[in-house]
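One structure below.
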Amino acid sequence: MTIRPVPYDHPDAVKLNDEVQAEYHVRYGDGGDATPMDPAHFRPPNGVYLIAYDENDIPVASGGWRVQNANGEGNRDGDAELKRMYVSEQMRGRGLARRILAALEEDARAAGRLRMVLETGTKQPEAIALYTSSGYEPCEKFGYYRFHESSRCYAKPL
């Protein structure tokens, strides 16, 4: 298994993003995550996007972080926002999400970010379990879904 940075609009990233959006649709019954995203958000030093590839060089997991600073959506100066954490169904349970999360935290820390933040939902208990077992604690809601009842926000000092 190798993890490497790719542009957010790389074909492998688009493939995995399509998979995660389909999963959001199944879990939440809507059109997926409507949070505004731009490939430029994930270009160093303002972020990074990682993909894990299996031994056959097939993309099987992804995740990224992007700079967030104080804004009208609840972020603070120094935030790094975690986005698009995803592991293909057939590869779950192998620690890939935990490996990508650790790599993203290290990269954000090296970029001078102070806190990693994320938004997930109540219909993603596996994600909530990963984050809380990795030291994330509930925080004030932020971002696009901050007014949604099913939204849950977490933060961890870097």
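A continuous path of ILVMFWY side-chain contacts below 4.5 Å connects Tyr154 to Trp65, so both sit in one hydrophobic cluster. No chain of hydrophobic side-chain contacts below 4.5 Å, direct or via other Ile, Leu, Val, Met, Phe, Trp or Tyr residues, connects Leu104 to Val87. Cluster annotation: Leu50 and Val6 are assigned to distinct hydrophobic clusters (Ile/Leu/Val/Met/Phe/Trp/Tyr, side-chain heavy-atom contacts under 4.5 Å, transitive). Residues Ile51 and Met85 do not share a hydrophobic cluster, clusters being chains of Ile/Leu/Val/Met/Phe/Trp/Tyr side chains in contact below 4.5 Å. The hydrophobic clustering, which links ILVMFWY residues whose side-chain heavy atoms are closer than 4.5 Å, places Tyr8 and Val60 apart.
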Could you check Glu19 against Glu23 for side-chain contact (heavy atoms from CB on, under 4.5 Å), going step by step and ending with a plain yes or no? CA-CA 6 Å; Glu19 288 181 24; Glu23 184 154 331; over 6 Å; no

Walk me through it: do Glu119 and Tyr144 pass the test side-chain contact (heavy atoms from CB on, under 4.5 Å)? CA-CA 9 Å; Glu119 187 274 334; Tyr144 186 84; over 6 Å; no

Set out, in order, the CA-CA distance, both residues' side-chain angles and the distance that settles side-chain contact (heavy atoms from CB on, under 4.5 Å) for Arg84 and Arg66, then state yes or no. CA-CA 11 Å; Arg84 296 297 189 263; Arg66 63 184 182 172; over 6 Å; no

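Proximity of Val14 to Asp18: side-chain heavy atoms (C-beta onward) are separated by under 4.5 Å at one or more points. Using a 4.5 Å cut-off on side-chain heavy atoms (C-beta onward), Tyr136 and Thr120 make no contact. A heavy-atom distance below 4.5 Å is found between the side chains of Met1 and Met91. Using a 4.5 Å cut-off on side-chain heavy atoms (C-beta onward), Ser150 and Lys123 make no contact.
Side-chain atoms of Lys141 do not come within 3.5 Å of backbone N or O of Gly74 as any donor-acceptor pair. Between the side chain of Asp33 and the main chain of Thr35, a donor-acceptor pair closer than 3.5 Å is present. Not a single donor-acceptor pair under 3.5 Å links the side chain of Asn46 to the backbone N or O of His41. Side chain of Lys156 to main chain of Ser134: a donor-acceptor pair is present (N/O by atom type, distance under 3.5 Å, no hydrogens or angles). Judged purely by atom type and a 3.5 angstrom limit, Tyr86 has no side-chain atom pairing as donor or acceptor with the backbone of Gln21. The backbone N or O of Pro138 sits nowhere less than 3.5 Å from a side-chain atom of Arg152 that would complete a donor-acceptor pair.
Gln124 and Tyr28 share a donor-acceptor pair across their side chains, judged by distance under 3.5 Å alone. Of the N and O atoms on the side chains of Arg113 and Asn69, at least one donor lies less than 3.5 Å from an acceptor on the other residue. For the residue pair Tyr49 / Ser62, a side-chain donor-acceptor distance below 3.5 Å is found, with atom types taken as modelled.
For Asp38, the side-chain hydrogen bond (donor to acceptor under 3.5 Å, both in side chains) test picks out no residue, with sequence neighbours left out.
Closest non-hydrogen pair, Leu96 versus Ala52, comes out as CD2-CB, 4.3 Å. Closest heavy-atom contact between Arg4 and Thr2: NH1-OG1, 3.5 Å. Nearest heavy-atom pair, Gly72 versus Arg146, reported as atom, atom and distance to 0.1 Å: O-NH2, 3.7 Å. Counting all heavy atoms, side chain and backbone alike, Ala13 lies closest to Pro7 at CB-O, 3.7 Å. Across Ser88 and Leu16, no two heavy atoms sit closer than the pair OG-CD2, 3.7 Å. Residues Pro5 and Val48 come closest through the heavy atom pair CB-CG2, 3.9 Å.
Aromatic ring orientation, His148 versus Tyr145: perpendicular (interplanar angle above 60°, classes split at 30° and 60°).
Once rounded to the nearest 0.5 Å, the distance linking CZ of Arg76 with CZ of Arg115 reads 4.0 Å. Asp77 CG to Leu114 CG: the interatomic distance, rounded to the nearest 0.5 Å, is 8.5 Å.
Chaining together hydrophobic side chains whose heavy atoms lie under 4.5 Å apart places Phe142 alongside Val117.
Summarising the local packing, CD of Gln90 is surrounded by more than 12 heavy atoms from other residues, nucleotides or ligands at distances under 6.0 Å.
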